[in-house]
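Quick note on labels: first sequence line is chain A, next is B, and so on, each numbered from 1. All values below come from the heavy atoms of this structure, side chains included, with hydrogens, waters and symmetry mates left out.
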Amino acid sequence: MSSQKVKLRFPDGQEKEYPAGITGEEIVREISPRLAKEAIAVKLNDKIIELTRPITEDGDIRFLTFADKEGREVFWHSSAHLMAQAIKRIYPEAKLGIGPPIEDGFYYDIELDRPITPEDFEKIEAEMARIVEADYPIVRKELPRQKAIEFFKNIREDLKIELINDFPDEEVISAYSQGEFTDLCRGPHVPSTGRLGKHFKLLSVAGAYWRGDENNKMLQRIYGTSYPKKKMLEEHLHRIEEAKKRDHRKLGKQLDLFSIQESIGNGLILWHPKGARVRRVMEQFWIDEHYNHGYELVYTPHVAKLDLWERSGHTGFYRENMFPPMELEDIHYQLKPMNCPFHITIYKNQLRSYRDLPLRLAEFGTVYRYERSGVLHGLMRVRGFTQDDAHIFCTPEQLTDEIVKVLDLVIYILQTFGFHEYEVYLSTRPEKFVGSLENWEAATAALEKALEVKGLNYEVDPGEGVFYGPKIDIKIKDVLGRSWQCSTVQVDFNLPERFEMEYIGEDGKRHRPIMVHRALFGSLERFFGILIEHYAGAFPVWLAPVQTIILPITDRHHNYAQKVYDQLRRAGVRVELDRRNEKVGFKIREAEVQKIPYMLIVGDKEVESNTVSVRHKGEGDIGSMRVDEFEARIVHEIKLKK
RNA sequence: GCCCACGUAGCUCAGUCGGUAGAGCACAUCCUUGGUAAGGAUGAGGUCACCGGUUCAAAUCCGGUCGUGGGCUCCA
């Protein structure tokens with residue numbers, strides 16, 4: 001045995017032989033003491049193992065540190081165990097669920113009658129520190145299923161037994177021990193608790209259904225994060241603070257953009273004048289581009305007879321998301337959750353020829369959906385919202401081309417609003433679906449082809465399509481890293497079928513069109529929320545609710561200020577005039593806080609020379625210029641959508 | 001919907017042991033006419049989310065309802 005060797009290749013290409021059974025820790029200590037200090041785990045032939053595991057096979061070896069995603073995962077996973085051990089010391093009756101690493105830290109789900117509150121965090125953190133201090137070695141053992149079940153039964157970890165029972169037969173069952181604490185875990189972990197250091201923090205506690213199923217009991221999920229260096233933890237906490245400052249709910253209040261009020265109803269938005277101004281710009285731009293791209297705009301009602309929704313199938317598959325129907329003169333009406341049936345009805349109002357296709361009908365359609373109260377979130381998740389909806393009716397041959405055109409428009413519009421990074425997903429056929437397999441394949445191929453033509457990187461979300469067809473989703477991330485679906489392109493075979501849509505083909509026969517649902521903003525409310533966060537409320541000039549504000553120094557400058565105001569207004573600039581009896585410094589401060597891009601200060605000098613002294617938000621004083629010059633400058637910027 | 005936390009003036013927040021409420025900003029009036037991020041004085045403003053309970057006495061303790069936040073499940 002001792003004579004056996006393993007041959008290992010390092011990332012730099014170097015190969016070395018070691019006695020079989022050597023551990024990563026032993027190797028790394030020999031290579032570099034610094035790396036030895038930073039190493040968290042070993043990656044051997046795409047398997048991640050702990051530093052203490054004996055190496056018995058040849059292959060590629062790499063040491064993972066916190067700089068590697070996999071290294072962070074191990075670090076946070078071990079941190080989750082650390083927290084679990086501390087919790088078990090304080091609350092021995094707690095039962096452990098699962099405790100994985102997540103994007104910026106880790107959590108552990110525990111079952112405990114007594115609620116854990118943020119006040120308990122300090123106590124838990126103190127216990128964690130003691131465990132780190134003790135520097136218990138973290139030891140892996142593999143055990144046969146029966147032994148494992150017995151063991152966890154003994155320590156009354158019922159949830160763990162449930163997990164084991166669901167493991168496939170061939171699964172190697174492993175557990176990790178540190179001190180008195182043992183947890184069922186696939187691993188790997190850091191070599192000892194001391195390696196985790198003391199730069200950790202518990203962040204929040206939340207309910208979470210056991211195994212993500214709302215029919216199961218609810219456990220307490222405790223979130224935390226940890227870093228190898230103090231500075232990294234501080235930076236992370238600082239990032240969270242900064243993100244909170246950009247929160248659209250906070251900025252919406254500060255900048256007086258919108259409100260949500262108890263007296264109106266939750267999930268229902270009041271767009272205040274400043275928010276409405278931004279929305280009008282969004283809408284106007286959108287309308288112009290849609291006419292330019294061959295769409296026709298339509299308007300449709302907010303309610304329709306329930307029959308319509310029965311025909312469309314919404315009363316069946318979408319009922320739980322709809323407001324309840326209302327009755328009027330013995331007829332049931334339904335507040336609309338979607339716009340599609342209306343557009344279809346417009347299509348069907350006349351006999352269509354293949355020459356009419358593609359027919360693109362677009363609308364800012366305000367829809368109402370019942371969302372469970374717990375999911376509502378500012379502008380991002382609401383109960384009444386306006387979709388920038390459109391439905392494209394086309395022949396099967398036109399499908400790919402139409403999707404490419406939609407993607408072109410999506411990218412153009414998102415980029416104009418300053419979004420250059422997004423996640424693209426292709427969602428394929430789910431388990432429950434309608435339509436023929438051939439149709440599905442053709443439609444999925446059309447979407448794939450379109451993505452290819454556009455050269456977009458995308459991920460496939462298998463089985464995540466809508467039951468009526470596959471779709472492309474484009475998601476934008478908010479400041480806290482949550483991603484929100486905005487644009488969506490969905491192929492639909494179902495509704496043309498249900499509504500018996502037809503067109504007369506070249507051959508004189510009746511054919512069924514294909515329908516594409518698409519939205520670019522997704523919802524104006526959500527998109528606006530994302531915009532607010534994206535710009536931290538400091539909208540670019542073309543979007544800013546107030547583009548420039550005139551600040552007269554004293555009231556003897558008001559007449560001149562009014563002249564400048566009139567001129568800019570005539571030029572289409574959103575301008576305000578601050579006539580308040582305040583010092584100019586005060587007015588500037590307010591304009592800065594309101595994130596107005598340009599401030600125009602006018603005093604004796606300006607009146608005399610027909611100029612304005614221009615201050616740019618953030619940049620400060622950029623000198624004085626003639627009113628005409630300033631007008632040309634700002635009008636130009638607006639035109640370029642800067 | 002579920003778990004936990006929270007709800008005090010338009011906004012941001014104090015409020016001790018249960019003894020009937022406070023600041024700053026904003027608002028109104030007056031003074032001040034001041035050149036690039038807060039001039040001064042005075043005043044008005046509260047059914048302490050709502051409903052009920054305990055108590056001589058509740059913003060404070062207890063229960064319920066509504067709303068908000070962090071999550072879970074679900075989704076634009």
Side-chain angles (χ1 to χ4, degrees), chain A residues 107 109 111 115-120 203-223 244 247 249-250 253-254 256 259-267 318 320-321 337-338 365 367 369-383 385-389 466 473-476 480 482 484-488 490 517 519-527 529-530 551-558 581-594 599-606 613-624:
Chain A
Y107 66 77
D109 284 349
E111 187 186 354
I116 302 249
T117 66
E119 286 79 67
D120 299 320
L203 298 172
S204 62
V205 55
Y209 297 110
W210 169 233
R211 310 188 107 181
D213 184 337
E214 62 178 321
N215 299 312
N216 287 344
K217 61 190 150 203
M218 187 159 270
L219 309 180
Q220 301 189 60
R221 175 169 298 178
I222 301 159
Y223 287 90
K244 280 187 189 155
D247 191 310
R249 292 164 302 191
K250 196 176 176 128
K253 212 177 264 183
Q254 274 166 14
D256 196 20
S259 66
I260 304 169
Q261 307 197 22
E262 205 174 330
S263 60
I264 304 290
N266 48 2
Y318 209 70
E320 68 221 34
N321 288 298
M338 291 189 187
V367 297
R369 298 182 183 174
Y370 167 63
E371 298 286 350
R372 297 154 108 189
S373 58
V375 308
L376 299 173
H377 180 88
L379 293 175
M380 303 300 200
R381 195 77 185 270
V382 295
R383 285 185 174 161
F385 61 101
T386 300
Q387 291 183 308
D388 63 320
D389 208 358
V466 197
D473 285 331
I474 294 171
K475 295 183 183 177
I476 301 180
L480 292 168
R482 292 177 285 216
W484 297 98
Q485 186 177 319
C486 292
S487 313
T488 181
Q490 312 179 346
H517 307 245
L520 310 186
F521 297 137
S523 113
L524 285 171
E525 285 75 7
R526 176 178 294 179
F527 197 79
I530 294 169
L551 311 177
I553 288 172
T554 75
D555 47 19
R556 71 173 173 278
H557 308 118
H558 283 189
N581 174 13
E582 296 291 351
K583 289 186 168 183
V584 73
F586 179 85
K587 293 180 180 180
I588 286 169
R589 182 188 146 77
E590 291 239 311
E592 288 279 351
V593 168
Q594 287 298 309
M599 285 152 258
L600 307 179
I601 291 113
V602 297
D604 290 336
K605 275 186 296 192
E606 288 75 19
S613 172
V614 184
R615 184 186 162 99
H616 191 275
K617 183 192 143 33
E619 274 174 62
D621 192 351
I622 57 173
S624 61

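Within the nucleic acid shown, A:Gly585 comes within 4.0 Å of sugar-phosphate atoms alone, with no base atom in reach, counting heavy atoms only. Base engagement by A:Glu592 is indicated by at least one non-hydrogen atom pair under 4.0 Å involving a base atom.
Judged by distance alone, with hydrogens and angles left aside, A:Glu371 brings a side-chain donor or acceptor within reach of the base of B:A76, the pair sitting under 3.5 Å. With hydrogens and angles ignored, a donor-acceptor pair closer than 3.5 Å exists between the side chain of A:Arg381 and the base of B:C74. Side-chain N/O atoms of A:Arg372 and base N/O atoms of B:U73 include a donor-acceptor pair closer than 3.5 Å.
Listed nucleotides B:G34, B:U33, B:G70 differ in distance to A:His377; the shortest reach to its side chain belongs to B:G70. Ranking B:A37, B:G39, B:G35 by closeness to the A:Glu582 side chain, first place goes to B:G39. Considering only the side chain of A:Ser523, B:A76 comes nearest among B:A76, B:G34, B:G1. Side-chain proximity of A:Pro115 to B:A76, B:C4, B:U12: nearest is B:C4. Checking B:G34, B:A37, B:A5 against every side-chain atom of A:Ile588, the shortest atom distance belongs to B:A37.
Ring stacking holds between A:Phe385 and B:A76, with the centres under 5.5 Å apart and the planes within 30 degrees of each other.
Contact annotation: A:Asn266 side-chain N/O to B:U68 OP1/OP2 distance is under 4.0 Å.
Distance OH (A:Tyr223) to C1' (B:C3): 12 Å, rounded to an integer number of Å.
In the displayed structure, A:Lys250 atom NZ is contacted under 6.0 Å by at most 12 heavy atoms of other residues, nucleotides or ligands.
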